[in-house]
Amino acid sequence: MSRGTLSSVRFKTLPNSVRLDLETFRSKKTEDWNVDDLIGFMIYVAGKYRVPFEELNVHKFSGCAGKFMALMSEENFKERDPKYGTLLFREFRNLCSDALPRSADDQREAPCQSSSPESTGTSKTVRLSPKEDERRSSRSATRRSATRTENDGSEGKRGHHKSGNKLWEFIRDTLKNPETCPSIVRWENREEGIFRIVESEKMAQLWGLKKNNSRMTYEKLSRAMRYYYNSKIILPVSGRRLVYKFGPHAVDWKPA
DNA sequence: CGGGCGTTTCCTGGTT
DNA sequence: GAACCAGGAAACGCCC
């Protein structure tokens, strides 16, 4: 009923005189959302709850469209918008009811073949934030201002190592998290610290999520992992693809 | 400002 | 041919 303010408007005209369709997000799978769909969604939420659109930290989500966003937890939303993160998270999850795991063994990803998470800048996709897209030369001001939130207890399930932001720590944490453990990474031999990355690209997206970098790929993540060989924090396992093990210099991964 | 660490990005080449 | 694995190089962001 009465959808006041913004939601009654179908299009929004941006400063640069670009017209943005605010309704397309409704007809697409959330995984296929581009930046415009994301904005349309946020405008919708703002209207629904009578919140001034300007109060939503839209810019903090600009690089999260597509599958990237589908991997975000409530905490991830709150990191980007402390005030309305939870609300946005709930509304978002409502829209992807037909997918998304609420726990471990997730599902088979359906037949979507979007080649690239966001910026599948096919045709008429308008850009709201030019920055996030011109990558290369100006990876400039990727505002990473809301990244010091690792003490919100979100990870503190059991044990409370200061869990830094290092890659190997991130991997260790995903092995402890039932949201990711059997499905995206799993133990091959818990006692010896041998684990296997099951969903390589998802693992990479998750890592990118943590580092606020939507361009992360398994190729790049694995390169970073190879740098650990020397320091013996992580080591490769014979000829087993996607299988690694924690080395003598990795801590806090052992059973108990 | 400078240096170092921990990646990130790119790339060539080899393997499964 | 796709998806991985190995590393070298160079560029970056951040911290001290």
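So that the names make sense, note that chain A is the first sequence line, chain B the second, and so on, each numbered from 1. Every heavy atom of this structure was used, including side-chain atoms; hydrogens, water molecules and symmetry mates were not.
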Just checking, is any N or O donor in the side chain of A:Thr86 or A:Glu74 under 3.5 Å from an acceptor N or O on the other one?
yes

Between C:dG8, C:dC5, B:dT8, spot the one nearest the side chain of A:Met216, thanks.
B:dT8

Counting the atoms with a prime plus P, OP1 and OP2 as sugar-phosphate, which does A:Tyr229 contact under 4.0 Å by heavy atoms, base, sugar-phosphate, or nothing?
sugar-phosphate

Distance in angstrom units between A:Tyr227 OH and C:dA10 P, rounded:
11 Å

Please report the distance, rounded to the nearest Å, between CD in A:Glu219 and P in B:dG13.
16 Å

Using OP1 and OP2 only, check whether a side-chain N or O of A:Asn212 sits under 4.0 Å from C:dG13.
no

Do the side-chain N and O atoms of A:Tyr49 and A:Glu91 include a donor-acceptor pair separated by under 3.5 angstrom?
yes

Separation of atom CZ in A:Arg196 from atom P in C:dA3, rounded to whole Å
17 Å

Whole-Å gap separating P (B:dC5) and OH (A:Tyr228)
14 Å

Applying the side-chain contact (heavy atoms from CB on, under 4.5 Å) criterion to A:Leu88, which one of A:Met42, A:Arg93, A:Lys78 satisfies it?
A:Met42

Kindly check if the number of other-residue, nucleotide or ligand heavy atoms within 6.0 Å of NZ (A:Lys232) is above 12?
no

Report which part of the nucleic acid A:Ser200 touches: base, sugar-phosphate, or nothing (heavy-atom distance under 4.0 Å, all strands).
sugar-phosphate

Just how far, in rounded Å, is C1' of C:dA6 from CZ of A:Arg223?
7 Å

In terms of side-chain heavy atoms of A:Lys220, which of B:dT7, B:dT9, C:dC5 is nearest?
B:dT9

Starting at atom CZ of A:Arg241, determine the distance to atom C1' of B:dT16, rounded to an integer number of angstrom.
5 Å

Check whether any side-chain nitrogen or oxygen of A:Trp207 sits under 4.0 Å from OP1 or OP2 of B:dT7, and answer yes or no.
no

Between C:dA2 atom P and A:Leu242 atom CG, what is the distance in whole Å?
17 Å

For A:Asn57 and A:Lys60, indicate whether the former's side chain and the latter's backbone hold a donor-acceptor pair under 3.5 Å.
no

Between P of C:dA2 and CD of A:Glu201, the distance in whole Å
14 Å

Closer than 4.0 Å, any side-chain N/O of A:Arg215 to the OP1 or OP2 of B:dT9?
yes

Strictly below 4.0 Å: does A:Lys211 bring a side-chain N or O up to OP1 or OP2 of B:dT8?
yes

If each of A:Arg226 and A:Leu167 is mapped to the nucleotide of DNA chain B with the nearest heavy atom, which maps nearer the 5' terminus, i.e. the 5' end?
A:Leu167

